Structures are given as C-alpha cells and as structure tokens.
Colleague: 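Let me give you the structure first, and then I'll get to my questions.
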Amino acid sequence: MAVLLAGTVSCGGGSEPAPSGKDRSAKPAASPSAEAKSPRPKVTGLVTLAGTNFAVFDVKTGKETVDAFLPHDAKPNVWKREAFSSDWRKVVWTTGEGELFIGGYTDVGRGTGLYGKKPLRIGGRPTYSGGKPVYAQPRFGPDGTRAYFLANNETVYSADPEKPEDLRKELSLPKGTFSADDELTWDVTDAGEVVKTKAVHPRKTLEAISSDGTKTIVHTDHGWFLKEKGSSAEPKLLFEKLVTSDGKPVQVYADFGPGLDIIGWY
C-alpha cells in the first residue's frame with residue numbers, strides 16, 4: 001500500500017525554472033533498453049495506498065500479493081494512479097521541500113519491492129536570483145514517456161526522464177494555484193496536451209470499479225462486498241478483512257498517520 005502525491009511545499013522564489021543545464025546531484029537516467037528490462041510489480045487486483053506503502057490484494061481472497069514502499073520522504077499527491085507510469089515500473093514524487101524525483105521499481109523477492117532506490121532529480125537547479133524552483137502535483141502522461149508537474153511560478157512543466165533538466169513549459173495557471181496543492185485544475189489528454197480543467201478535490205475512497213464497469217468492490221463496517229451493476233440482489237460478501245501476506249489484518253482506518261486509500265481495481 002503506498003502513497004505519493006504532492007503536499008504543501010514552501011516557495012523558494014517565483015523565478016521560472018531554467019529550461020536547460022546540468023545538476024551535479026542528478027544521476028543519469030537509465031537507457032531505453034535498460035528501462036525495458038526493468039522489473040515491475042504484478043499489479044492484478046485491488047491496488048491501495050497507505051502512507052508510503054503500496055499494496056495489491058487478491059479480489060477473491062483479500063490476501064496481499066504485492067507489498068512495496070515509496071521513498072520515506074515522498075509527500076501525499078492528489079494524483080493517484082497517474083503518479084505511477086502506465087506499466088507501474090516508475091513513480092514520480094515530491095518531498096516536503098518541493099524537490100522532484102523519479103524512480104523505478106526494485107523487486108526484492110516474495111512479492112515485496114521498493115520504489116525509488118536510485119532516485120533521479122528533475123529540474124532542481126537554483127535560479128540566478130537565488131530562489132529555487134519547487135514543485136507539486138507530479139504525474140506521468142498517458143504513455144509514460146514524460147513527467148508533468150506544477151511549479152511555484154504557477155506553471156505546469158514536463159520533462160523527459162532521459163533529460164531531467166530539460167524542462168518544457170506546458171501551461172500557465174492563475175496565481176495561487178500552487179498553494180492549493182489538494183486541488184487539481186489541470187490534466188493531460190491522451191494526446192499529451194496539458195489543459196485547464198474545472199477544479200476537483202480528489203478524496204480518499206474505499207471502493208473500486210472493475211475495468212469493464214460492471215462491478216464495484218465496496219468496504220463497509222462489515223467487510224468488503226461486491227456489487228453488480230443493475231442488479232437488485234444483495235451485495236455479495238467477498239471477505240471480512242484485507243490481510244497481509246503473512247496473514248495479519250490490514251488497518252483501514254488509522255488512529256495515527258494515513259489510513260487506507262484505494263487507487264483502483266486492475
């Protein structure tokens with residue numbers, strides 16, 4: 001179970017990020033051929049986030065099949081599924097200081113893994129005036145070839161992970177957009193175009209719809225149930241609790257820290 005999404009960050013200056021240059025702290029990106037062979041988690045089932053823990057559960061048994069962790073300094077992000085690449089091999093995240101990183105998945109065996117073991121910094125160079133651009137709301141485009149993110153000059157940029165310091169300006173947004181990091185007012189179309197949208201406030205959810213739209217898994221105080229679209233029958237109990245790979249029940253509502261959030265049913 002995992003989360004990443006951008007939290008509120010402090011602004012280090014309103015200057016526009018420079019579009020090119022080199023950051024000595026940045027690490028070289030993997031080549032396309034290496035990326036094609038990189039591991040990825042087996043994402044089949046109910047995908048969840050809880051803090052920096054990413055997990056996948058079997059929808060028939062409720063048992064955990066994948067348990068992975070994001071970097072410990074990854075902030076919550078209003079983009080959920082889009083914070084991961086389409087093939088789940090990579091994730092993009094910001095820190096509390098507004099730094100932006102991208103990292104791949106590392107399989108450590110028995111259904112467990114790590115994201116961002118070797119992070120690559122994106123667009124992190126200071127400006128001439130002494131300010132440092134900071135970022136929020138990072139996500140991937142539909143095809144996973146570019147990362148998109150909002151800067152503290154109210155501008156959406158994108159970057160190719162192969163050239164992390166070569167930022168491309170995509171869209172200018174109204175003043176104050178950056179400070180409202182829990183509100184989305186932009187999106188990326190299937191064609192890769194960044195567009196303005198009506199403001200939405202993504203919230204945590206404990207239900208997920210199947211890919212064909214005919215079924216919904218819903219959590220109640222009595223367990224996890226399956227609802228059939230258009231059916232008047234009582235929802236079917238699938239299992240009472242989600243359980244980890246070693247049989248321990250998963251806490252849905254946390255007394256302290258983040259509770260469970262569902263990304264989707266895949």
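These numbers come from a predicted model, not from an experiment.
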Colleague: Are the side chains of Val195 and Thr189 in touch, meaning some heavy atoms are under 4.5 Å apart?
Modeller: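 Yes, their side chains come closer than 4.5 Å.
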Colleague: Is the side chain of Tyr135 donor-acceptor paired with the backbone N or O of Gly123 at a distance under 3.5 Å, no angle test?
Modeller: yes
Colleague: Kindly determine whether Val243 and Thr61 satisfy side-chain contact (heavy atoms from CB on, under 4.5 Å), including the steps that lead there.
Modeller: CA-CA 9 Å; Val243 295; Thr61 65; over 6 Å; no
Colleague: Within this structure, what is the OG1-NZ distance for the pair Thr65 and Lys42, rounded to the nearest 0.5 Å?
Modeller: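 Answer for the OG1-NZ pair, Thr65 versus Lys42, is 8.0 Å.
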Colleague: What's the shortest heavy-atom distance between Asp160 and Thr145, and which atoms?
Modeller: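 Looks like OD1-O, 3.9 Å.
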Colleague: Side-chain heavy atoms nearer than 4.5 Å, only ILVMFWY residues, links allowed to pass through others: does that put Leu260 and Leu226 together?
Modeller: yes
Colleague: Begin with the C-alpha distance, continue with both residues' side-chain angles, and end with the deciding distance and a verdict on side-chain contact (heavy atoms from CB on, under 4.5 Å) for Phe57 and Val250.
Modeller: CA-CA 11 Å; Phe57 296 88; Val250 173; 3.8 Å; yes
Colleague: State, with a plain yes or no, whether a side-chain heavy atom of Leu46 is found less than 4.5 Å away from one of Ile262.
Modeller: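 Yes, close enough: below the 4.5 Å cut-off.
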Colleague: Should Leu173 and Phe178 count as side-chain neighbours, where that means a heavy-atom distance under 4.5 Å?
Modeller: no
Colleague: If we only count heavy atoms from C-beta on, is the Leu171 to Lys196 side-chain gap below 4.5 Å?
Modeller: yes
Colleague: Examine distances only and state if a side-chain atom of Asn152 and a backbone atom of Val134 form a donor-acceptor pair shorter than 3.5 Å.
Modeller: yes
Colleague: Where the side chain of Ser210 meets the backbone of Lys215, is there a donor-acceptor pair that is under 3.5 Å apart?
Modeller: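 At least one qualifying donor-acceptor pair exists.
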Colleague: Check the pair Trp93 / Asp73 against side-chain contact (heavy atoms from CB on, under 4.5 Å), numbers first and verdict last.
Modeller: CA-CA 9 Å; Trp93 73 94; Asp73 59 353; 3.8 Å; yes
Colleague: Starting from Val218, can I reach Leu242 by hopping between I/L/V/M/F/W/Y residues whose side chains sit under 4.5 Å apart?
Modeller: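 Different clusters: Leu242 never reaches Val218 through Ile, Leu, Val, Met, Phe, Trp or Tyr contacts under 4.5 Å.
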Colleague: Using side-chain heavy atoms (C-beta onward) and a distance below 4.5 Å, is Glu82 in contact with Phe140?
Modeller: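 With C-beta onward as the side chain, the pair stays apart.
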Colleague: Could you check whether any side-chain heavy atom of Asp181 comes within less than 4.5 Å of a side-chain heavy atom of Val78, counting everything from C-beta outward?
Modeller: no
Colleague: Could you state whether Leu237 and Ile217 fall into the same hydrophobic cluster, counting links through intermediate Ile, Leu, Val, Met, Phe, Trp or Tyr residues with side-chain heavy atoms under 4.5 angstrom apart?
Modeller: no
Colleague: When you look at CG of Asp190, are more than 12 heavy atoms from neighbouring residues, nucleotides or ligands closer to it than 6.0 Å?
Modeller: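 Not more than 12 within 6.0 Å, no.
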Colleague: What is the minimum heavy-atom distance between Tyr115 and Pro71, and which atoms define it?
Modeller: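 Heavy atoms only, the tightest pair is O-CD, 3.4 Å.
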Colleague: Measure the spacing between CG of Leu206 and OG1 of Thr48 and express it to the nearest 0.5 Å.
Modeller: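 If we round to the nearest 0.5 Å, Leu206:CG and Thr48:OG1 are 10.0 Å apart.
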Colleague: Looking at OH of Tyr253 and NZ of Lys204, how far apart are the two atoms once the value is rounded to the nearest 0.5 Å?
Modeller: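 Here the interatomic distance stands at 11.0 Å.
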Colleague: Under 3.5 Å, side chain of Glu64 to main-chain N/O of Asp246, donor-acceptor pair present?
Modeller: no
Colleague: Would you check if the side chain of Ser86 reaches a backbone N or O of Gly144 as a donor-acceptor pair within less than 3.5 Å?
Modeller: no
Colleague: The test is side-chain hydrogen bond (donor to acceptor under 3.5 Å, both in side chains); show your working for Glu170 and Ser158 and say whether it passes.
Modeller: CA-CA 7 Å; Glu170 299 284 355; Ser158 72; 2.6 Å; yes
Colleague: Test your reading of the model: is there a side-chain donor-acceptor pair from Glu154 to the backbone of Thr177, 3.5 Å cut-off?
Modeller: yes
Colleague: Minimum heavy-atom separation for Thr106 and Pro39, please, with both atom names.
Modeller: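 Minimum heavy-atom contact is CA-CG, 4.3 Å.
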Colleague: Taking NE2 in His72 as the centre, count heavy atoms belonging to other residues, nucleotides or ligands within less than 6.0 Å. Is the count above 12?
Modeller: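 For His72, atom NE2 is not crowded (no more than 12 foreign heavy atoms under 6.0 Å).
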Colleague: For atom CD of Glu183, is the number of surrounding heavy atoms from other residues, nucleotides or ligands below 6.0 Å larger than 12?
Modeller: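 Atom CD in Glu183 is crowded, with more than 12 foreign heavy atoms closer than 6.0 Å.
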Colleague: Locate the shortest heavy-atom distance separating Leu120 from Pro161; write the atom from each residue and the value.
Modeller: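 So the two residues come closest at CD2-O, 3.3 Å.
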Colleague: Out of curiosity, Thr112 OG1 to Phe69 CZ, how far, rounded to the nearest 0.5 Å?
Modeller: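 Taking OG1 in Thr112 and CZ in Phe69, the distance rounds to 9.0 Å.
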Colleague: Once rounded to the nearest 0.5 Å, what's the spacing between atom NE2 of His201 and atom OG1 of Thr185?
Modeller: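 Atom-to-atom, His201:NE2 and Thr185:OG1 are 9.5 Å apart.
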Colleague: Could you please spell out the steps behind the side-chain contact (heavy atoms from CB on, under 4.5 Å) verdict for Glu207 and Lys227?
Modeller: CA-CA 10 Å; Glu207 66 177 63; Lys227 296 170 61 176; over 6 Å; no
Colleague: Measuring centre to centre across the rings, with the benzene-like ring taken for any Trp, is Tyr266 within less than 6.0 Å of Trp88?
Modeller: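 They qualify: ring centres under 6.0 Å apart.
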Colleague: Quick check: does any side chain N or O of Arg139 sit under 3.5 Å from a backbone N or O of Arg81, one acting as donor and the other as acceptor?
Modeller: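 A pair under 3.5 Å: no.
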Colleague: Could you report the tightest heavy-atom contact between Val59 and Phe239, atom names first, then the distance?
Modeller: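 Of all heavy-atom pairs spanning Val59 and Phe239, the closest is O-CE2, 3.3 Å.
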Colleague: Which pair of non-hydrogen atoms, one from Val188 and one from Pro142, has the smallest distance, and what is that distance?
Modeller: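 Reported closest heavy-atom pair: CG1-CD, 3.7 Å.
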Colleague: Would Ile209 end up clustered with Leu238 when hydrophobic side chains under 4.5 Å apart are linked, directly or stepwise?
Modeller: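 No; Leu238 is not reachable from Ile209 via cluster members.
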Colleague: Would you say the side-chain atoms of Thr155 pair up with the backbone N or O of Asn153, donor to acceptor, closer than 3.5 Å?
Modeller: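 Yes, the answer is positive, given that a donor and an acceptor are paired below the 3.5 Å cut-off.
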Colleague: Could you check whether any side-chain heavy atom of Thr205 comes within less than 4.5 Å of a side-chain heavy atom of Asp261, counting everything from C-beta outward?
Modeller: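 A side-chain contact exists here, since the closest heavy-atom pair is under 4.5 Å.
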Colleague: Roughly how far, to the nearest 0.5 Å, is the OG1 atom of Thr220 from the CZ atom of Phe225?
Modeller: 4.5 Å
Colleague: Within the structure provided, determine whether Phe84 and Arg40 are in side-chain contact (heavy-atom separation under 4.5 Å).
Modeller: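 Side chain of Phe84 against side chain of Arg40, heavy atoms only: no contact under 4.5 Å found.
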